[in-house]
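Written out below as C-alpha cells is the structure these notes cover.
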Amino acid sequence: MSLARCPHCRTRHIVKYGFTKRTLVFKEISKTKVKVQRYICKRCSKTFQTDLTSLVDKNSNFTNELKSESEHLISYYLGSLKNVCKSFKKFFGITVSHQTIENWLFVNENILEFDLGRCSGYYVFDVEWIKINGEWKYRHKLLDSISNCIVADAIYDTEDENTVEKFLRESTANKNKIAITTDLDKKYASIILKLGFKHQLCIFHTKKSLNK
Ligand SMILES: [Zn+2]
C-alpha cells in the first residue's frame with residue numbers, strides 16, 4: 001500500500017507483518033504466485049493486508065482484467081463460450097472452464113443479446129434455475145441449434161407466460177423464424193405458435209416422458 005492505514009482505526013501507526021500468498025491469473029502474464037503485504041496496527045493490534053479489490057475479487061483467482069476480456073471475446077465469437085475458452089488457452093495459455101466464464105458474464109448483466117444476422121432460424125429454448133447472490137432466479141436462454149451460439153440470455157425473477165413471451169419476442173426480433181425446440185412444458189406451445197414459429201419438442205424430454 002502506498003499510504004498504508006489501518007482499516008479498523010484509520011491510524012498510520014502500522015508495521016509490516018509478513019505476507020499472504022495468493023495465486024492470481026492475469027491476462028498477459030497468466031498464472032502467477034504473488035505475495036500480498038500484511039500489516040499489524042500498533043494502536044489496535046489488528047492485522048490487515050494490502051487491498052487488492054480494484055484488481056481482483058476476494059474469492060477469485062482471476063483478475064478483473066481477465067474477466068472483462070471475456071466480455072469482449074464473447075461478442076467477438078458471436079456468443080460461443082467454447083470459442084472463448086479456446087482463445088484464452090490459445091492466446092494467453094490460460095485454462096478456464098466455460099462454466100466459469102458463464103458466471104463472469106451473467107452475474108452482472110441482466111440481459112446479453114448477440115446480434116446474429118446469421119441466425120439459422122432453428123432455436124432451442126430453455127429455462128434453468130440459477131443462484132445469484134443467494135437468490136434463485138430463472139435464466140432464460142435461447143440457442144441457435146445449428147451454430148450452438150447463444151442468441152439471447154436473460155435473468156428474470158419469475159418464469160411465466162409473460163416473461164417467456166417477452167423474452168422470445170425480443171430475442172428473435174428481426175431474425176429468421178422457423179422453429180423453436182423446448183421441453184414438454186405446456187405453456188410454451190401457444191406462445192411459440194403465436195410468435196410465428198413451429199414448435200418442436202426435445203427428443204430427450206419426449207423419450208423420458210414416453211417411458212414414464
Ligand atoms: Zn488499527
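Read the numbers this way: they start at 1 and go in the same order the structure lists the ligands and their atoms.
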**OP:** Report yes or no: does Asp144 contribute a side-chain atom to a donor-acceptor pair with the main-chain N or O of Ser120 at less than 3.5 Å?
**Re:** yes
List the atom pairs, donor and acceptor, that lie under 3.5 Å between side-chain atoms in residues 191-203 and the rest of the protein, sequence neighbours left out.
| residue | atom | partner | partner atom | Å |
| --- | --- | --- | --- | --- |
| Lys194 | NZ | Glu165 | OE1 | 3.0 |
| Lys194 | NZ | Glu165 | OE2 | 3.4 |
| His199 | NE2 | Thr182 | OG1 | 2.7 |
| Gln200 | OE1 | Thr181 | OG1 | 3.2 |

Side chains of residues 6-21: which donor-acceptor partners sit under 3.5 Å, not counting sequence neighbours?
| residue | atom | partner | partner atom | Å |
| --- | --- | --- | --- | --- |
| Thr11 | OG1 | His13 | N | 3.0 |
| Thr20 | OG1 | Gln49 | OE1 | 2.9 |

**OP:** Check Lys166, Lys187, Arg139 against Glu159 for a salt bridge (Lys or Arg N to Asp or Glu O under 4.0 Å) and give me the one that passes.
**Re:** Lys187
Original post:
Where does the angle between the aromatic ring planes of Phe125 and Phe167 fall among parallel (under 30°), tilted (30 to 60°) and perpendicular (over 60°)?
Top reply: tilted
Original post:
Under 2.8 Å from the Zn ion (ligand 1), which protein atoms of type N, O or S occur, listed by chain and number?
Top reply: Cys6 SG, Cys9 SG, Cys41 SG, Cys44 SG
**OP:** If a pair satisfies salt bridge (charged side-chain N to carboxylate O under 4.0 Å, His left out) and one of its residues is in residues 49-62, list it, with sequence neighbours excluded.
**Re:** Asp57-Lys67
